Chemist: 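So that we are looking at the same thing, I have put the structure below in structure tokens.
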Amino acid sequence: MKELVEVIAKALVDNPDEVVVTEKSSEKALVIELHVAASDMGKVIGKQGRIAKAIRSVVKAAATKEDRKVIVDIV
């Protein structure tokens with residue numbers, strides 16, 4: 001999951017070197033935190049959060065194959 005979010009985010013931003021993805025596992029879900037440069041925040045979130053919602057949808061679809069709940073946080 002971490003690699004999937006990283007590939008998507010690096011394709012969207014102007015500064016792919018500043019993309020950092022971390023995973024935190026809890027008993028209920030896997031939390032993936034996406035850190036990008038401040039100037040790239042708008043590109044990752046998109047108008048009215050559409051791109052962020054699309055990223056979450058893709059990750060959720062991939063997570064259903066593994067039968068896990070995944071939460072993507074953009075920090």
Side-chain angles (χ1 to χ4, degrees):
M1 295 300 154
K2 178 180 174 182
E3 295 83 16
L4 176 63
V5 174
E6 193 170 347
V7 167
I8 293 171
K10 284 186 177 184
L12 293 171
V13 299
D14 289 333
N15 303 316
D17 298 337
E18 296 188 36
V19 173
V20 178
V21 180
T22 57
E23 276 185 342
K24 294 180 182 176
S25 186
S26 68
E27 50 188 71
K28 292 184 180 179
L30 176 67
V31 178
I32 297 176
E33 291 184 350
L34 172 62
H35 300 269
V36 296
S39 60
D40 291 328
M41 192 63 77
K43 291 181 176 124
V44 174
I45 296 173
K47 287 186 180 178
Q48 297 179 350
R50 287 187 182 141
I51 294 176
K53 196 178 294 185
I55 292 171
R56 290 183 178 115
S57 295
V58 169
V59 172
K60 185 178 179 182
T64 55
K65 280 188 163 184
E66 297 178 11
D67 210 22
R68 291 194 74 179
K69 181 175 180 182
V70 178
I71 300 168
V72 178
D73 284 339
I74 301 170
V75 182

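Small disclaimer: the values here were computed from a predicted structure and weren't measured.
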Chemist: Can you sort out the partners of Glu3 under side chain to side chain contact (heavy atoms under 4.5 Å, CB included), two or more places apart, ordered by chain and number?
Modeler: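 Side chain to side chain contact (heavy atoms under 4.5 Å, CB included) list for Glu3, sorted by chain: empty.
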Chemist: With the 4.5 Å side-chain cut-off for hydrophobic clustering, are Val20 and Leu12 part of the same group?
Modeler: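 No; tracing contacts between hydrophobic side chains, which count when under 4.5 Å, never links both residues.
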Chemist: Would you please name every residue forming a side chain to side chain contact (heavy atoms under 4.5 Å, CB included) with Val7, sequence neighbours left out?
Modeler: none
Chemist: Partners of Lys60 by side-chain hydrogen bond (donor to acceptor under 3.5 Å, both in side chains), sequence neighbours excluded?
Modeler: none
Chemist: Between Leu34 and Val31, is there a shared hydrophobic cluster once you connect ILVMFWY residues whose side-chain heavy atoms come closer than 4.5 Å?
Modeler: no
Chemist: With sequence neighbours excluded, tell me which residues meet side chain to side chain contact (heavy atoms under 4.5 Å, CB included) with Glu18.
Modeler: Asn15, Ala37
Chemist: Output every pair passing salt bridge (charged side-chain N to carboxylate O under 4.0 Å, His left out) with a member in residues 26-38, not counting sequence neighbours, ordered by first then second residue.
Modeler: Lys24-Glu33
Chemist: Using the rule that Ile, Leu, Val, Met, Phe, Trp and Tyr join whenever any side-chain heavy atoms are under 4.5 Å apart, tell me whether Ile8 and Val13 fall into a single cluster.
Modeler: yes
Chemist: Knowing that exactly one of Val5, Leu4, Ile32, Thr64 qualifies, which makes a side-chain contact (heavy atoms from CB on, under 4.5 Å) with Val70?
Modeler: Ile32
Chemist: Under the side-chain hydrogen bond (donor to acceptor under 3.5 Å, both in side chains) rule, collect the residues that match up with Asp14, sequence neighbours excluded.
Modeler: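 Asp14: side-chain hydrogen bond (donor to acceptor under 3.5 Å, both in side chains) contacts with Lys43.
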Chemist: Indicate the atoms forming the closest heavy-atom contact of Val44 with Ile51, along with that distance.
Modeler: O-CG2, 3.2 Å
Chemist: Excluding sequence neighbours, so at least two apart, what forms salt bridge (Lys or Arg N to Asp or Glu O under 4.0 Å) with Glu23?
Modeler: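 Result, salt bridge (Lys or Arg N to Asp or Glu O under 4.0 Å) vs Glu23: none returned.
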Chemist: For Met41, check side chain to side chain contact (heavy atoms under 4.5 Å, CB included) against everything at least two apart and list the hits.
Modeler: Val36, Ile45, Ile74
Chemist: Sequence neighbours left out, what passes side-chain hydrogen bond (donor to acceptor under 3.5 Å, both in side chains) with Lys2? Give chain and number order.
Modeler: none
Chemist: Give every residue pair that meets the salt bridge (charged side-chain N to carboxylate O under 4.0 Å, His left out) criterion with at least one member in residues 62-75, sequence neighbours excluded.
Modeler: none
Chemist: Partners of Lys53 by side-chain hydrogen bond (donor to acceptor under 3.5 Å, both in side chains), sequence neighbours excluded?
Modeler: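 side-chain hydrogen bond (donor to acceptor under 3.5 Å, both in side chains) check on Lys53 returns nothing, list empty.
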Chemist: Dump the intermediate steps for side chain to side chain contact (heavy atoms under 4.5 Å, CB included) on His35 and Thr22, then the final yes or no.
Modeler: CA-CA 8 Å; His35 300 269; Thr22 57; 4.2 Å; yes
